[in-house]
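What you see below is based on every heavy atom in this structure, not just the backbone, and it leaves out hydrogens, waters and symmetry mates.
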Amino acid sequence: MRISQFFVATSREAPAEAELASHKLMLRAGLIKKLGAGLYTWMPLGLRVLRKVEAIVREEMDRAGAIELQMPAVQPAELWQESGRWEKFGPQMLRIKDRHERDFCFGPTHEEVISDIARRDIKSYRQLPVNFYQIQTKFRDEIRPRFGVMRAREFLMKDAYSFDASKAGLQNSYDAMYAAYAKIFTRLGLRFRAVSADTGAIGGSSSHEFHVLADSGEDAIAFCPASDYAANIELAEALAPAGERKPASAAMQQVATPGKKTCEDVAALLQIPLTQTVKAIALVANDKFHLLLLRGDHSLNEVKASKIAGLEVFRFATEQEIVAALDCEPGYIGPVTARAVDVIADRSVAAMSDFVCGANQPGYHLTGVNWGRDLPEPKLIADVRNVVEGDPSPDGKGSLSICRGIEVGHVFALGTKYSEAMNVVFLDEAGKSRLAEMGCYGIGVSRIVAAAIEQNHDDKGINWPQAIAPFDIAVIPIGYGRSEEVKRTAHRLHDELTAAGFAVLLDDRDERPGVMFADQELIGVPHRVVIGERGLKQGTLEYQARGAAQASPIGLQNALTELKSRLSPR
RNA sequence: CGGGGUGUAGCGCAGUCUGGUAGCGCAUCUGCUUUGGGAGCAGAGGGUCGGGAGUUCGAAUCUCUCCACCCCGACCA
């Protein structure tokens, strides 16, 4: 490809709205253009990358036995009403009406549609198992779209749905997808990790997320360096502290802590460790007030909290509700005099003695508080906090580390949730009607492009993994308009490399060298060869890999052979 | 949904407080020079200052209103 016949629109400065490295670089390199909040055009250069990712995903899905189809992006409301998700899905779903005032949505996902297809066409166990997939544009009306295509509203996703006759079959399908995902991300050249994930509101038996590891990732992952344990922080269990609770050694005392509303402030004022303090979080669920206790240095895990019976749908209490229930403003609330209130203690709080908490009197806290003596033992003890670095690993092998990741894939064993709701049944060997066991498997295709950049860039620009680079090699002639020999050599090399099956980008703009170098580095073409009069006189060209510190000369005579070997994987 | 911020040329910004005929850098176009790391000089084009209403002799600037975009946020123990 000659640049003059392609479209490369790079810029030196990124629009002010971009924060993340990948977002800035995608805009600067001209991969994407923003049309509106969370809406992006894939420019020709970006589209080449997107298509490469897509191709690898498709190949591995096919290889794993999945069958491609394509469902409509716009879906009738009826299907969603049938599954109950028309109401449940909430404002994330973009709802639209047609000219007859009939309700539709722009599909945020396709469980309903695929279930509808399956129930119409799958009648016998002989047709199972089957796994359908598509690579489709989805729309989710995110509260806050950001980071470019990383969290866009319109995005490209590969979603697959498996149907099996039995739980064991579902496990097979699930395992096959898990393996395919590992292959896909390996082929993409990304550093990733599969982690156990919460099965959340969808229900179902097991679930794994695939994360591309990057400090800028939105998700926290807990993993154990000493074992293969890895879980989304939402799921990672915080074990109860080992050993017996220490006996009380101090008397309960009320101390003045005016203006000190946070555990940090109180601990600083009293000169005690933060781990000695207890914070009380006021929650309301089903119109009932609850006080949830966490150690001062811990943070609430809302997913875990919502698994407690009665707290399935909770919210934080308003200041008015707190005052009404405890007769005290937030900042000084605590469990001791809150006898009429349901108290839920985190495991680590239940194991504390001589702790400090709010006194339910504005400007006062209590010190030396002890369970059983100063207040009743907690009615309910649960794991409701996020694990922190150094917590013991739930599998008992060492301690946890925390890293950040970008969720690019998710495999999910759904079971019969949708087959029940949508009546997806088939006849088994005995002629009996049975519910299909379903699984669903997503990959954020467009997000992968951004994630790959997060993981592979430097101060000059993108450094694509070979597998998804928009071009394999850039040919840069210096003095293109001045030297016939340079021009001729450049075109010959371009043609030969192209004939050898490589995607070649020839910079025939007759630009100054600095401009061409800077553009190639920004765009991130993994290899480049420079042709100049100087070198040609000595019969050499210059080769440089994108990440390499400097160029090395190669002989003009054997240039093609040499470049072929450098370009071929491994 | 709440709070904050921004909207001026394709991009990055100044000008707004203190009203008086719209500016800088990059990019674009023309010419000459230059040619191995985002060139130099000379010239040129491009903006109903987010939209609407109002105040005023006069509004990018003041007032009201609407819109778009960005950031932060459930609180906190």
Report summary line: What residues 32-45 of chain A contributes to the RNA chain B interface at heavy-atom separation below 4.0 Å is A:Lys34, A:Ala37
Query - Gap between atoms CD1 and P, on A:Ile476 and B:G38 respectively (whole Å) - result: 14 Å
Requested in this report: Look at all strands and tell whether A:Arg295 reaches a base, only sugar-phosphate, or nothing, counting heavy atoms closer than 4.0 Å.
Outcome: nothing
Query raised in the report: How far does the C1' atom of B:G20 sit from the matching atom of B:A59, given to the nearest Å?
Result: 10 Å
Query raised in the report: Taking only residues two or more places apart in sequence or in another chain, which ones pass side-chain hydrogen bond (donor to acceptor under 3.5 Å, both in side chains) with A:Asp508?
Result: A:Arg2, A:Ser4
**Report entry** Residues forming a side-chain contact (heavy atoms from CB on, under 4.5 Å) with A:Ser249, sequence neighbours excluded
**Finding:** A:Asp354
Report task. Scan for ring-ring contact (aromatic ring centres under 6.0 Å, His included) pairs involving residues 279-311 of chain A, sequence neighbours excluded, and state none if there are none. Result -> none
**Report entry** Residue list, salt bridge (Lys or Arg N to Asp or Glu O under 4.0 Å) with A:Lys304, at least two apart or on another chain
**Finding:** A:Asp383
Query - P atoms of B:C69 and B:C64, separation to the nearest Å - result: 23 Å
Query raised in the report: Considering residues at least two apart in sequence or located in another chain, which fulfil the side-chain hydrogen bond (donor to acceptor under 3.5 Å, both in side chains) criterion with A:Asp507?
Result: A:Arg509
Requested in this report: Using the P atom on both, measure B:G7 against B:G12 and round to a whole Å.
Outcome: 11 Å
Query raised in the report: Toward the 5' end of RNA chain B, which comes first, A:Met516 or A:Cys357, by nearest nucleotide?
Result: A:Met516
**Report entry** A:Arg12 CZ - B:A27 P separation (whole Å)
**Finding:** 6 Å
Query - Watson-Crick or G-U wobble mate for B:G73, both contacts under 3.5 Å - result: B:C1
**Report entry** Who pairs with B:U6 - Watson-Crick or G-U, where each distance is under 3.5 Å
**Finding:** B:A68
Query raised in the report: Should the ring pair A:Tyr480 and A:His491 be called parallel, tilted or perpendicular, given that the plane angle runs from 0 to 90° and is split at 30 and 60?
Result: tilted
Report task. To the nearest Å, give me how far apart CZ (A:Phe314) and P (B:C76) are. Result -> 16 Å
Report task. For A:His527, check ring pair (Phe, Tyr, Trp, His ring centres under 6.0 Å) against everything at least two apart and list the hits. Result -> A:Tyr543
Query - Interatomic distance, A:Lys260 NZ vs B:C76 P [rounded to whole Å] - result: 16 Å
Query raised in the report: When A:Ile281 is tested against each of A:Leu293, A:Ile333, A:Ile344, A:Leu294 for side-chain contact (heavy atoms from CB on, under 4.5 Å), which residue passes?
Result: A:Leu294
Requested in this report: Using the P atom on both, measure B:A68 against B:C32 and round to a whole Å.
Outcome: 50 Å
Requested in this report: Could you check how far CG of A:Leu20 sits from P of B:C71, rounded to whole Å?
Outcome: 10 Å
Requested in this report: Tell me the partner of B:C24, counting only Watson-Crick (N1-N3 plus N6-O4 or O6-N4) or G-U wobble (N1-O2 and O6-N3) with both under 3.5 Å; none if nothing fits.
Outcome: B:G12
Requested in this report: Take the protein atom CG of A:Leu27 and the nucleotide atom P of B:A27, then report the distance between them rounded to whole Å.
Outcome: 19 Å
Query raised in the report: Expressed in whole Å, how much space separates the P atoms belonging to B:G15 and B:G40?
Result: 27 Å
Query raised in the report: If you measure from the C1' atom in B:A22 to the same atom in B:U48, how many Å do you get, rounded?
Result: 13 Å
Query raised in the report: Watson-Crick or G-U wobble partner for B:C32, using a 3.5 Å limit on both distances?
Result: B:G40
Requested in this report: Quote, to the nearest angstrom, the C1' distance that separates B:C57 from B:G46.
Outcome: 31 Å
Query raised in the report: Across all strands, who's sitting opposite B:U48 as a Watson-Crick or G-U wobble pair, both distances under 3.5 Å?
Result: none
Query raised in the report: If pairing requires Watson-Crick or G-U wobble contacts with both distances under 3.5 Å, which nucleotide is the partner of B:A59?
Result: none
Query - Under the side-chain hydrogen bond (donor to acceptor under 3.5 Å, both in side chains) test, residues paired with A:Glu454 that sit two or more places apart - result: A:Ser22, A:Ser216
Requested in this report: Return the orientation label for the A:Trp80 and A:Phe89 ring planes: parallel under 30°, perpendicular over 60°, tilted otherwise.
Outcome: perpendicular
**Report entry** Contact state string [nucleotides 30-37 of chain B, B base, S sugar-phosphate only, - no protein heavy atom under 4.0 Å]
**Finding:** ----BBBB
Query raised in the report: P atom, B:C66 versus B:G4: distance in rounded Å?
Result: 15 Å
Report task. Kindly indicate whether a cation-pi arrangement holds for A:Arg95 with A:Trp86, taking the cut-offs as under 6.0 Å to the six-membered ring centre and within 45° of the axis. Result -> yes
Query raised in the report: Within 45° of the six-membered ring axis of A:Phe155 and under 6.0 Å from that ring's centre, is NZ or CZ of A:Arg140 located there?
Result: no
**Report entry** Any pair counted as ring-ring contact (aromatic ring centres under 6.0 Å, His included), so long as it reaches residues 313-333 of chain A, sequence neighbours left out
**Finding:** A:Tyr332-A:His365
Query raised in the report: Is it the case that A:Gln92 and A:Asp141 place a side-chain donor and acceptor less than 3.5 Å from each other?
Result: no
Report summary line: In whole angstroms, the gap separating C1' of B:C76 from CD of A:Glu329 amounts to 13 Å
Query raised in the report: Nearest nucleotide by nearest heavy atom, which residue falls closer to the 5' end of RNA chain B, A:Arg28 or A:Leu300?
Result: A:Arg28
Report summary line: Quick tally for nucleotides 6-12 of chain B: nucleotides whose base has a protein heavy atom under 4.0 Å get B, sugar-phosphate-only ones S, the rest -, giving -----SS
Considering only nitrogen or oxygen atoms on both sides, find all protein atoms under 3.5 Å from nucleotides 73-75 of chain B and state each distance.
none

Query - Reference residue A:Asp519; test side-chain contact (heavy atoms from CB on, under 4.5 Å); the match among A:Leu505, A:Ile476, A:Val525, A:Thr10 - result: A:Thr10
Query raised in the report: Charged N to carboxylate O under 4.0 angstrom, A:Arg295 versus A:Asp346?
Result: no
